[in-house]
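These notes are about the structure you will find just below.
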Amino acid sequence: MPGPRADATPRAATRPAGRPEDAEEPEVAVAAELLAALATGERIGVLAVPLSSALGTPHSTAVRAVTAACADTAVRADARAALTGEVTSVADALAADVLLVPARGPAGAGLYAVDAGAAGSSGLRLEPTTALDPTRPLARVGLDGTPARRVAGPATADAAIGRALRAGAGLLASEQLGLAEWCLAETVRHTGGRHQFGRPVGSFQALKHRMARIWLDLVSARAAARAAADALATGAPDAPVAVAVAQAHAARVAVHAAQECVQLHGGIGMTWEHPAHLYLKRAKSDEIALGTPGRHQEALADLVDLPAPPA
């Protein structure tokens, strides 16, 4: 799954009665134009925050998504909406047509649209960075007086960034589920065709138990990922809980399945010629993307009002 994208729901920008109090007329017009282009697929929008960004726990001081995002990016906007600062480890920044950058300006924190096509000029730099997972490109976004358009003030930006991070985390669980399913299927196939002592290695009890453990983890991860996707699609009030449960569980299941895939493939699993290493790298990268399992467990504990045990 790509990095967190803008919420491209046209009606969110065209519903006058639901317009936040901090929205100004120019911002509404810019947002409506941008959302229409994103919804039709004419443009690709990427939320310019580090891949590891996550929502704060509901009752923590980092509850405001835009505040946390601005702290992560350290980007500042001047009175003319020109941005200066740097954002590291932005997923899919090189494929973006427009970057949505959280920044702090004279009127407070907000969300600014930057034309990614201007990279190399107008003070915008997009520099590829070396990532653990080579299949998900990351980039450093540098801004030096880069022209931008403010599309949302503090309240609107906070809601939009919060939805993007939560949706990204929830859908990432489905990617982690698919990754783990591939690893198990490939491991079963390999151990069924590989023979030692005149029998398939997959028939050895020690290996069967390890693969059965992965399958049991997959069943629960599938239920959690589907629940999160359904809650996000239907706008269920318990979506934050479903997403936290899915991410706290699916991330670890994917890493375990990928590790076992490499191990149970034997020597070939350690080579570059076999794709198992790519799945392990994606699983490890996903484990810290949009919040670690521990971060989501903390969020879940806050959401269900479960206090931590005394120290």
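Along the sequence shown, residues carry numbers from 1. These values consider heavy atoms only, across backbone and side chains, with no hydrogens, waters or symmetry-generated copies.
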Inset, instruction - Heavy atoms only: give me the nearest Ala116-Leu126 pair and the separation to one decimal. - result: O-CD1, 4.3 Å
Inset, instruction - Would you mind reporting whether Val75 and Arg104 have side-chain heavy atoms less than 4.5 Å apart? - result: no
Legend entry - Gln247 and Gln297 side chains, donor-acceptor separation under 3.5 Å: no
Legend entry - Gap separating the CG atom of Leu124 from the OG1 atom of Thr146, nearest 0.5 angstrom: 5.0 Å
Legend entry - Validation row: Leu111, Arg150 side chains within 4.5 angstrom (heavy atoms): no
Inset, instruction - Would you sort out whether His277 and Trp272 count as a side-chain contact (heavy atoms from CB on, under 4.5 Å), showing the intermediate values? - result: CA-CA 7 Å; His277 71 98; Trp272 287 92; 3.2 Å; yes
Inset, instruction - For the pair Thr271 (side chain) and Ile268 (backbone), establish whether a donor and an acceptor sit closer than 3.5 Å, ignoring hydrogens and angles. - result: yes
Legend entry - Cationic N near anionic O, under 4.0 Å, Lys281 to Asp133: no
Inset, instruction - Following the transitive rule for hydrophobic clusters with a side-chain heavy-atom cut-off under 4.5 Å over Ile, Leu, Val, Met, Phe, Trp and Tyr, establish whether Val201 and Met211 coincide in one cluster. - result: yes
Legend entry - Distance (rounded to the nearest 0.5 Å) between Leu47 CG and Arg163 CZ: 12.0 Å
Inset, instruction - Report the C-alpha distance between Leu143 and Val101 in whole Å, list the side-chain angles of each, state the deciding distance to 0.1 Å, and finish with yes or no for side-chain contact (heavy atoms from CB on, under 4.5 Å). - result: CA-CA 10 Å; Leu143 303 137; Val101 185; 4.3 Å; yes
Inset, instruction - Answer yes if Leu34 and Val49 sit in the same cluster of Ile, Leu, Val, Met, Phe, Trp and Tyr residues linked by side chain heavy atoms under 4.5 Å apart, and no otherwise. - result: yes
Inset, instruction - Considering only NZ, NE, NH1 and NH2 on the basic side and carboxylate oxygens on the acidic side, decide whether Glu298 and Arg295 come within less than 4.0 Å. - result: no
Inset, instruction - Compare every heavy atom of Val46 with every heavy atom of Ala96, then report the nearest pair and how far apart it is. - result: CB-CG2, 3.6 Å
Inset, instruction - Taking the side chain as every heavy atom from C-beta outward, state whether Glu86 and Arg125 have any atom pair closer than 4.5 Å. - result: yes
Legend entry - SB check Arg136 Asp286 (cutoff 4.0 Å): yes
Legend entry - Same apolar cluster: Leu132 and Leu280, side chain cutoff 4.5 Å: no
Legend entry - Closest approach of Ala258 to Cys183 (non-hydrogen atoms, all atoms of both residues): CA-SG, 3.7 Å
Legend entry - ring pair (Phe, Tyr, Trp, His ring centres under 6.0 Å) pairs, two or more places apart, involving residues 211-240: none
Inset, instruction - Provide the closest heavy-atom pair for Leu300 versus Val241 in the form atom of the first, atom of the second, distance. - result: CD1-CG1, 3.8 Å
Legend entry - Heavy-atom check, side chain of Leu165 versus side chain of Leu290, under 4.5 Å: yes
Legend entry - Heavy-atom closest contact (Ala227 atom, Ala242 atom, distance): O-CB, 4.1 Å
Legend entry - Pro106 vs Asp78 side-chain heavy atoms within contact, under 4.5 Å: no
Inset, instruction - Could you please spell out the steps behind the side-chain contact (heavy atoms from CB on, under 4.5 Å) verdict for Val114 and Val98? - result: CA-CA 6 Å; Val114 174; Val98 60; 5.9 Å; no
Inset, instruction - Please report the closest heavy-atom contact between Gly294 and Arg252, naming both atoms and the distance. - result: N-NH2, 4.1 Å
Legend entry - Co-membership, hydrophobic cluster, residues Leu216 and Leu184, 4.5 Å side-chain: yes
Legend entry - Beyond-backbone contact of His265 with Thr187, side-chain heavy atoms, under 4.5 angstrom: yes
Legend entry - Min side-chain heavy-atom separation Thr191-Pro200 under 4.5 Å: no
Inset, instruction - Can you measure from OG (Ser203) to CD (Gln196) and round to the nearest 0.5 angstrom? - result: 10.0 Å
Legend entry - Those residues that, when tested against Tyr279, pass ring pair (Phe, Tyr, Trp, His ring centres under 6.0 Å) (two or more places apart): Trp182
Inset, instruction - Take Leu177 and Val253, measure what side-chain contact (heavy atoms from CB on, under 4.5 Å) needs, and give me the verdict at the end. - result: CA-CA 8 Å; Leu177 171 63; Val253 170; over 6 Å; no
Legend entry - hydrophobic_cluster_shared for Val255 and Leu278, side chain cutoff 4.5 Å: no
Inset, instruction - Supply the atom-to-atom distance Leu172 CG to Ser285 OG, rounded to the nearest 0.5 angstrom. - result: 8.5 Å
Inset, instruction - Report yes if some heavy atom in the side chain of Pro102 is under 4.5 Å from a heavy atom in the side chain of Ile161; otherwise report no. - result: yes
Inset, instruction - Drop me the distance from Ile214's CD1 to Leu264's CG, to the nearest 0.5 angstrom. - result: 6.5 Å
Legend entry - Thr84 side chain vs Arg76 backbone, donor-acceptor pair below 3.5 Å: no
Inset, instruction - Could you tell me whether Glu42 atom CD has more than 12 heavy atoms of other residues or ligands within 6.0 Å of it? - result: yes
Inset, instruction - Enter the distance from Leu179:CG to Cys261:SG here, rounded to the nearest 0.5 Å. - result: 9.0 Å
Inset, instruction - Considering only NZ, NE, NH1 and NH2 on the basic side and carboxylate oxygens on the acidic side, decide whether Glu260 and Arg213 come within less than 4.0 Å. - result: no
Inset, instruction - Before giving the answer on salt bridge (charged side-chain N to carboxylate O under 4.0 Å, His left out), spell out for Arg226 and Asp230 the whole-Å C-alpha distance, their side-chain angles and the decisive distance to 0.1 Å. - result: CA-CA 6 Å; Arg226 286 180 175 176; Asp230 180 72; over 6 Å; no
